[in-house]
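Heads up, the thing below is written out as structure tokens.
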Amino acid sequence: QYRRSMYFAGGRHFVTAATNESHLRVLSTEGENVGKVDMRGVIRTWQERSSLASWLARGGTGVPPTTEGEIEYVQSLRTHPTRNNCVGVLMAMGEQEPFRGIALVHLDAHSLEEE
């Protein structure tokens with residue numbers, strides 16, 4: 001398990017996530033919990049659409065592929081160098097050959113405003 005943490009451009013808040021978690025936490029440098037962004041279901045939707053399209057393109061018949069039981073997790077994250085409310089999140093799902101995708105998350109700028 002690895003934990004990733006990065007400061008936002010303003011320097012007064014940071015975002016953190018562990019590789020076994022499907023959510024991000026936003027904290028102030030004073031330790032205040034600003035909020036949590038739950039990413040569950042995001043990559044599952046991408047993977048199911050991709051698998052279904054690929055399955056149909058190959059002439060799939062019967063029951064389409066499923067992602068039942070697969071765990072989604074944050075693999076890495078990076079904050080934007082100048083925007084105070086943007087974070088890029090590399091999500092993954094699966095163990096052997098993980099399905100990956102990148103989400104750009106825009107947080108409510110008011111929650112990260114300077115006091």
Residue pair [X] / [Y]: nearest heavy atoms and the distance that separates them:
X   : Y   : answer
V34 : S28 : CG2-N, 3.9 Å
T29 : H13 : CG2-N, 4.2 Å
A17 : L77 : CB-CD2, 3.7 Å
A9  : H80 : CB-O, 4.0 Å
E72 : G41 : OE1-N, 2.8 Å

With rounding to the nearest 0.5 angstrom, report the [atom1] to [atom2] distance, [X] to [Y].
X    : Y   : atom1 : atom2 : value
S76  : M6  : OG    : CE    : 8.5 Å
L90  : R4  : CG    : CZ    : 9.5 Å
L104 : R83 : CG    : CZ    : 8.0 Å

Inset, instruction - List in chain and number order the residues that pass side chain to side chain contact (heavy atoms under 4.5 Å, CB included) with R25, two or more places apart in sequence or in another chain; answer none if no residue qualifies. - result: T16, H23, N33, K36
Inset, instruction - Each residue besides F14 in its hydrophobic cluster should be listed here, by chain and number; the cluster joins Ile, Leu, Val, Met, Phe, Trp and Tyr at side-chain heavy-atom distances under 4.5 Å. - result: Y7, L27
Legend entry - N85/D108 under side-chain contact (heavy atoms from CB on, under 4.5 Å): CA gap, chis, key distance, verdict: CA-CA 7 Å; N85 67 328; D108 177 16; over 6 Å; no
If you group Ile, Leu, Val, Met, Phe, Trp and Tyr by side-chain heavy-atom gaps below 4.5 Å, do [X] and [Y] land in one group?
X   : Y   : value
V89 : V15 : yes
F8  : V74 : yes
M93 : V37 : yes
L24 : Y73 : no

Legend entry - Partner residues of R40 under the salt bridge (Lys or Arg N to Asp or Glu O under 4.0 Å) criterion, sequence neighbours left out: D38
Legend entry - Set of salt bridge (Lys or Arg N to Asp or Glu O under 4.0 Å) partners for R3, sequence neighbours left out: E21
Legend entry - Chi angles and distances behind the side-chain contact (heavy atoms from CB on, under 4.5 Å) call for Y2, T19: CA-CA 5 Å; Y2 296 96; T19 53; 3.8 Å; yes
Legend entry - Results of side-chain hydrogen bond (donor to acceptor under 3.5 Å, both in side chains) for Q75 - residues two or more places apart only: R100
